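For ligands, and for the atoms within them, numbers begin at 1 and follow the listed sequence. Hydrogens, waters and symmetry mates play no part in the numbers below; they use all other heavy atoms, side chains included. Residue indices begin at 1 and follow the sequence shown. Quick caveat: nothing in here was measured; it's all calculated off a predicted structure.
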Amino acid sequence: MSKKSTKKRANRAKTKKKKLEMKATPESILPPKLKSEPEAKPEPELIPQPAQLIDLDEKSVAEPLENLERAPKMSLKLHALNVRLPWLKVVALVLLTALVVVGVEEVLRHNTNPPASVQVDSAPGELPAVTEVPTGVELATNTTPAEQPESPNTETPKPEAPATTTENKPSVQPSQGRKLIALTFDDGPSAAQTPRLLQILKEKDVKATFFVLGNMAQKSPGVIRQAEADGHEVESHTMTHANLKRSTVEGIKWEVAAINGVFTEILGHTPSLTRPPYGNVSNEVRTYVNQPLILWTVDPEDWKYKDAAAVRSKVVNGAFDGAIILMHDIYATTVDAVPGIIDELRAAGYEFMTISELAAARGVQLQNGVTYGSFRP
Ligand code: ZN
């Protein structure tokens, strides 16, 4: 091969290279980039940077040659001219470096863009008392409570204020300065005791909550119908008083489905709250019962003492604002204790509420899978 033809080739390669250079000129890349970011402030560094690189190109500043490996095709073509025209390498190298720099910058810009737009979206949500919250923010707020059942806290009875408490503060205010308390009765209905209790509650004008067993409700459907008609809250204590913590997932599902069926048959609706027997809760219980789990904070152990005076003094001594009191309406001694309990607590300034009323009065939005033992102010 003659020197001339080699030179010709070299020139051709050079022209080709220059054409490529024109095509790949940073300016030809910049416009679409700027178009895609209309909100971005013009950044002066963006344009000078590639321009500087072109200056360097003209001055033929040497760069590490191994960078050529990034463009194997070009490298192959230039290989033949390696010895005679080493500066071509430099040109190609500088050009490639410019392209890489622009490319990396592009990637970085795209990566930084999403957070910027998130900040813009979330900004209105930080404004106080905004009713028209952007949809995106609403979704974000909704996901927070949904995550709670999946990552349950301790099993200790604790009122867990939802993230939206601030928004509910107006509804909390009416209960401030009031002493609120909830009487709850488990394991019934009892054909022998519950009607008597309903009569006492009616006379005293007190609303209570009954956590009934499905199999007991089946035996005395009229009793829970009467309880609901009297304004009491009737909720689930499972179908068979199962220890849900030791149950299989299938067992938990069966307990829920069975009592739902009993409620639907007798009351025409399913329960919205569950008191897990023995207060036993597990992640499976939270997930598969999938209702607010109502525990308690005052337990007179009426099943153990079966003594009206003892039950009464234990309840009255343990009472506090927002407490949930646990009793069982299947014991005559417990029902005997109720009139005195109501009189003493009322004299101490307490108002009696159902669980749902108490939660609402304290601005607590009950959440599925979360345990509640009290609703303190
Ligand atoms: Zn029970």
Side-chain angles (χ1 to χ4, degrees), residues 155-157 181-198 201 208-221 223-224 227-228 232-247 251-263 266-267 270-282 284-286 288-308 310-311 314-315 318 323-338 341 354-356 358 366 370-374:
E155 286 176 26
T156 35
I181 207 158
L183 302 180
T184 68
F185 298 95
D186 286 16
D187 295 2
S190 154
Q193 303 304 327
T194 310
R196 190 162 68 94
L197 174 60
L198 290 176
L201 295 173
T209 304
F210 291 85
F211 290 102
V212 303
L213 294 171
N215 56 17
M216 294 292 278
Q218 279 178 320
K219 290 178 200 164
S220 308
V223 178
I224 65 165
E228 196 169 84
H232 303 295
E233 186 167 12
V234 182
E235 300 290 1
S236 167
H237 194 38
T238 75
M239 186 67 188
T240 65
H241 209 269
N243 186 342
L244 297 178
K245 201 175 179 178
R246 291 185 191 165
S247 300
I252 297 169
K253 285 178 176 176
W254 182 86
E255 288 286 338
V256 173
I259 194 160
N260 281 353
V262 170
F263 264 62
I266 300 173
L267 300 173
T270 55
S272 57
L273 309 174
T274 289
R275 170 164 284 162
Y278 317 103
N280 279 350
V281 175
S282 65
E284 283 76 17
V285 174
R286 292 175 193 273
Y288 295 103
V289 172
N290 200 30
Q291 285 178 2
L293 303 169
I294 309 301
L295 304 179
W296 57 87
T297 33
V298 176
D299 180 4
E301 296 182 297
D302 57 346
W303 53 272
K304 190 158 90 183
Y305 295 103
K306 291 189 184 151
D307 177 292
V311 170
K314 282 174 184 292
V315 168
I324 299 174
I325 294 164
L326 168 67
M327 289 182 280
H328 299 84
D329 54 324
I330 53 174
Y331 304 118
T333 43
T334 298
V335 176
D336 291 344
V338 169
I341 288 169
T354 67
I355 291 295
S356 292
L358 178 55
L366 296 172
V370 177
T371 55
Y372 300 88
S374 67

Number of protein N/O/S atoms that sit closer than 2.8 Å to the Zn ion (ligand 1):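 Considering protein N, O and S only, the Zn ion (ligand 1) has 3 within range.
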Would you say R196 and D336 make side-chain contact, with heavy atoms under 4.5 Å? yes
Looking only at heavy atoms, which two atoms of [X] and [Y] are closest? And how far apart?
| X | Y | result |
| --- | --- | --- |
| L244 | E255 | CD2-CG, 3.9 Å |
| I259 | G214 | CD1-N, 3.5 Å |
| P300 | M327 | CG-CG, 4.0 Å |

Whether Q291 side chain and P271 backbone form a donor-acceptor pair below 3.5 Å: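 Present.
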Sequence neighbours excluded, the answer for side-chain hydrogen bond (donor to acceptor under 3.5 Å, both in side chains) partners of D186 is R275
